[in-house]
Colleague: 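Handing you a structure now.
Since the model is a prediction, treat every value here as computed from it, not as a measurement.
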Amino acid sequence: MSTTSPVTSLTVLHGVPVVPGVQCAPVIRPGRLPVPDVSGPDIEESQRPAEASRFTAAAATVATRLRERAAHATGAASEVLAATAGLAQDRAWLGAAEKRINAGAPAVRAVCEAVDQFVDLFTQLGGLMAERVTDLRDIRDRVVAELSGLPEPGVPLPDVPSILCAEDLAPADTAGLDPALVVGLATTLGGPTSHTAIIARQLGIPCVVAIDGLDDVPAGTTVLLDGTSGTLTVDPDPDVAAAVVAAAEREAALARQWTGPGATADGHTVAVLANVQDGAAARAARETPAEGVGLFRTELCFLNRDTEPTVDEQASIYGEVLDAFAGHKVVIRTLDAGSDKPLKFVGHPDEANPALGVRGIRIAEGNPELLERQLEAIAGAAQATGNQPWVMAPMIATAAEAANFATRARAYGLTPGVMIEVPAAALLADKILEHVDFLSIGTNDLAQYTMAADRMSADLATLTDPWQPAVLALVAMAVRAGVAVGKPVGVCGEAAADPLLACVLVGLGVTSLSSASAAIPGVGAKLAQVTLQQCRDAADAVLATATAAEARAAAQALLS
Ligand code: PEP
Ligand code: MG
């Protein structure tokens with residue numbers, strides 16, 4: 001979908017909010033390579049070895065530069081740059097380019113064709129792989145620039161604090177940015193898990209992705225970027241912009257001062273927890289006021305694995321997270337493989353529609369031993385660390401699946417719960433709760449399946465907005481079922497990272513909020529400013545609305 005009306009002053013463009021915060025500044029755009037000329041004739045056979053060496057040297061130079069930048073960067077930026085350097089030296093695409101050069105293609109054409117081949121492959125694989133397409137194209141541009149004697153493409157160094165806008169940003173564009181000069185990120189493409197989002201979170205600068213119409217906003221235009229509401233206002237009224245930025249700065253200051261634990265202004269406690277994907281993330285989360293881990297996405301530990309990790313290996317990985325939060329709550333989710341997170345060793349069937357296919361707990365149907373071994377490893381980690389985790393199954397659709405999972409988990413002495421991500425599970429949450437000890441609502445998938453809209457699709461981002469009243473009605477239903485029997489119901493999807501929505505969730509009755517570490521202070525600080533009654537009133541008001549925008553506005557009116 002693209003805008004049909006021209007971009008003029010005060011035009012408000014909408015995207016997907018990824019990192020909260022508000023900034024008003026001029027737009028800068030990354031320099032792009034001119035479209036490479038690939039029309040030249042084939043090269044003589046005698047020249048081909050030299051051309052192949054030229055190509056190998058160019059790819060190696062690009063990788064070395066990226067590695068050097070990785071060494072000077074820290075945290076996620078360093079990891080992202082190192083991963084891109086690795087991709088620049090990936091045998092598969094280097095081999096594909098060399099093969100073309102040996103068949104007569106000049107190096108620039110060989111690079112473009114080889115990258116196109118892998119772009120097609122990654123796009124077909126979809127999900128997280130599709131998001132790496134931007135990285136591949138970035139490598140292509142850098143290698144082509146090197147081969148053509150052109151300066152490396154990338155982000156210009158601005159003279160004044162600026163907002164970096166682009167179709168999409170490659171990791172090497174964003175890693176190592178100075179947050180004092182680049183104060184916000186906005187992209188036309190990208191999703192909440194894209195590299196742009198990851199880097200923006202690390203830099204702590206507001207970020208909005210999937211903005212419809214952003215390509216029409218030229219460099220130099222002043223824009224107001226709101227990473228909380230997901231909007232970008234072109235040429236805003238300067239006084240209004242200054243007031244909005246000042247209010248956001250006050251919120252940010254409160255967030256910085258907030259030290260936990262999670263509670264409303266009148267003392268109603270709500271556990272504020274972290275989502276993590278490995279020991280390193282858990283240790284980083286421990287540095288925040290997070291009171292525990294509400295979602296450990298175990299499948300993310302094994303995305304690069306060809307073979308299943310042994311029980312001992314798994315136990316040691318899980319143990320790292322349990323150790324990081326010794327004496328605190330940790331909820332481990334069993335493998336949510338499939339769809340956008342395929343694991344090679346699971347042997348996923350070839351499916352036309354993997355998001356509706358054999359993913360999450362459904363894998364255990366055909367491969368029960370995989371789940372058994374994971375539960376054994378979790379129990380082993382619990383014993384080794386002395387920290388007793390809760391375990392939960394992803395993608396539960398029926399009470400029978402929940403009962404089966406609970407029986408297996410209890411056999412290992414583990415406390416079982418399930419995720420509520422499928423509308424069927426929300427509708428029958430009371431029946432599911434007869435078998436398990438807690439629920440955790442995954443609003444990312446619940447929104448995807450409720451709205452029948454791919455969560456990775458930028459075009460459908462307004463449908464997968466967790467403020468959609470239909471999604472919140474299902475959340476309310478699941479929470480009511482938990483309240484009725486006195487069992488905890490948490491939220492661990494992106495909804496729990498939005499301070500305003502988090503208050504609404506508390507008003508609905510959720511007992512814990514789990515989100516990316518970076519979002520925790522903002523959520524905790526917001527909750528500390530409102531009473532439980534305000535949260536309940538906001539929840540009632542939101543449930544009476546018909547659109548996501550009305551829901552947001554209703555909550556804003558009662559909670560600000
Ligand atoms: C969710 O679906 O909301 C969730 C937390 O799980 P994931 O994002 O890992 O699918
Ligand atoms: Mg999910």
Colleague: Which is it for L303 and L343 under the side-chain contact (heavy atoms from CB on, under 4.5 Å) test, yes or no, and what are the steps along the way?
Modeller: CA-CA 6 Å; L303 286 179; L343 292 183; 3.8 Å; yes
Colleague: For residues V19 and I205, determine if any side-chain heavy atom of one lies less than 4.5 Å from a side-chain heavy atom of the other.
Modeller: no
Colleague: Evaluate whether atom CD of E351 has more than 12 neighbouring non-hydrogen atoms of other residues, nucleotides or ligands under 6.0 angstrom away.
Modeller: yes
Colleague: Which atom names give the shortest non-hydrogen contact between A285 and A274, and what distance separates them?
Modeller: CB-CB, 3.6 Å
Colleague: Strictly distance-based, threshold 3.5 Å: is any side-chain N or O of N387 a donor or acceptor partner for the main-chain N or O of L322?
Modeller: yes
Colleague: Working to the nearest 0.5 angstrom, can you tell me the gap between L87 CG and L94 CG?
Modeller: 9.5 Å
Colleague: Quick one: pull up CG in L501 and CG in L472 and give me the separation to the nearest 0.5 Å.
Modeller: 6.0 Å
Colleague: Could you state the interatomic distance from CG (L460) to CZ (R455), rounded to the nearest 0.5 Å?
Modeller: 13.5 Å
Colleague: Apply the test salt bridge (charged side-chain N to carboxylate O under 4.0 Å, His left out) to residues K329 and E291: give CA-CA distance (whole Å), side-chain angles for both, the deciding distance (0.1 Å), then the verdict.
Modeller: CA-CA 7 Å; K329 179 172 175 174; E291 295 161 55; over 6 Å; no
Colleague: Sort out for me which residue in L371, I363, L370 forms a side-chain contact (heavy atoms from CB on, under 4.5 Å) with T334.
Modeller: L371
Colleague: Counting only pairs under 3.5 Å, give me each side-chain donor-acceptor contact of residues 416-437, with atom names and distances, residues two or more places apart or in other chains.
Modeller:
residue, atom, partner, partner atom, Å
E421, OE1, M395, N, 2.7
D437, OD1, R410, NH2, 3.3
D437, OD2, R410, NH1, 3.3

Colleague: Pair R359, D445 - check side-chain contact (heavy atoms from CB on, under 4.5 Å), show working.
Modeller: CA-CA 12 Å; R359 65 167 288 203; D445 276 313; 3.2 Å; yes
Colleague: So does N304 have more than 12 non-hydrogen atoms from other groups sitting under 6.0 Å from CG?
Modeller: no
Colleague: To check you understand the geometry: which heavy-atom pair defines the closest contact between C492 and S440, and what is its length?
Modeller: SG-OG, 3.2 Å
Colleague: Under the criterion side chain to side chain donor-acceptor pair (under 3.5 Å), I'd like the reasoning laid out for Q117 against R100: C-alpha separation, chi angles, the key distance, then a yes or no.
Modeller: CA-CA 12 Å; Q117 175 192 332; R100 285 176 165 81; 3.1 Å; yes
Colleague: Please lay out, stage by stage, how D498 and W467 fare under the test side-chain contact (heavy atoms from CB on, under 4.5 Å).
Modeller: CA-CA 10 Å; D498 174 338; W467 282 94; 2.9 Å; yes
Colleague: Does the side chain of I332 reach to within under 4.5 Å of the side chain of V321, using non-hydrogen atoms?
Modeller: no
Colleague: Do you know the tightest heavy-atom contact between R297 and N444?
Modeller: NH2-ND2, 3.8 Å
Colleague: Going by atom types alone, do N275 and S514 pair a side-chain donor with an acceptor below 3.5 Å?
Modeller: yes
Colleague: Tell me, with the steps shown, if Y412 and V391 meet side-chain contact (heavy atoms from CB on, under 4.5 Å).
Modeller: CA-CA 11 Å; Y412 288 95; V391 285; over 6 Å; no
Colleague: Is there a side-chain contact between V523 and W258 in this structure, where contact means two heavy atoms from C-beta onward sitting under 4.5 Å apart?
Modeller: no
Colleague: Looking at A166, is its backbone amide N or carbonyl O close enough to the side chain of T187 to form a donor-acceptor pair, meaning the two atoms are under 3.5 Å apart?
Modeller: no
Colleague: Scan Q314, R333, Q374 and name whichever one has a side-chain hydrogen bond (donor to acceptor under 3.5 Å, both in side chains) with T298.
Modeller: Q374
Colleague: Are R65 and R142 side-chain neighbours, meaning at least one heavy-atom pair lies under 4.5 Å?
Modeller: no
Colleague: Among residues two or more places apart or on two chains, list those pairs meeting ring pair (Phe, Tyr, Trp, His ring centres under 6.0 Å) that have a residue in residues 321-371.
Modeller: none
Colleague: Passes salt bridge (charged side-chain N to carboxylate O under 4.0 Å, His left out), R305 versus E313? Steps please.
Modeller: CA-CA 12 Å; R305 296 288 301 242; E313 207 178 332; 2.5 Å; yes
Colleague: Kindly give the heavy-atom pair with the smallest separation between S517 and T288, and that separation in Å.
Modeller: CB-CG2, 4.0 Å
Colleague: Let me confirm one number: the CD-CG distance from E308 to N367, rounded to the nearest 0.5 Å.
Modeller: 7.5 Å
Colleague: Could you tell me the separation between the CD atom of E113 and the CD1 atom of I101, rounded to the nearest 0.5 Å?
Modeller: 10.5 Å
Colleague: Closest approach of M392 and G294, non-hydrogen atoms and distance?
Modeller: CE-O, 3.7 Å
Colleague: Considering non-hydrogen atoms only, spot the tightest contact between A355 and S339 and give its length.
Modeller: CA-OG, 3.4 Å
Colleague: Supply the atom-to-atom distance N404 CG to I396 CD1, rounded to the nearest 0.5 angstrom.
Modeller: 8.5 Å
Colleague: D141 vs R137, test: salt bridge (charged side-chain N to carboxylate O under 4.0 Å, His left out). Steps then yes/no.
Modeller: CA-CA 6 Å; D141 290 352; R137 292 199 173 120; over 6 Å; no
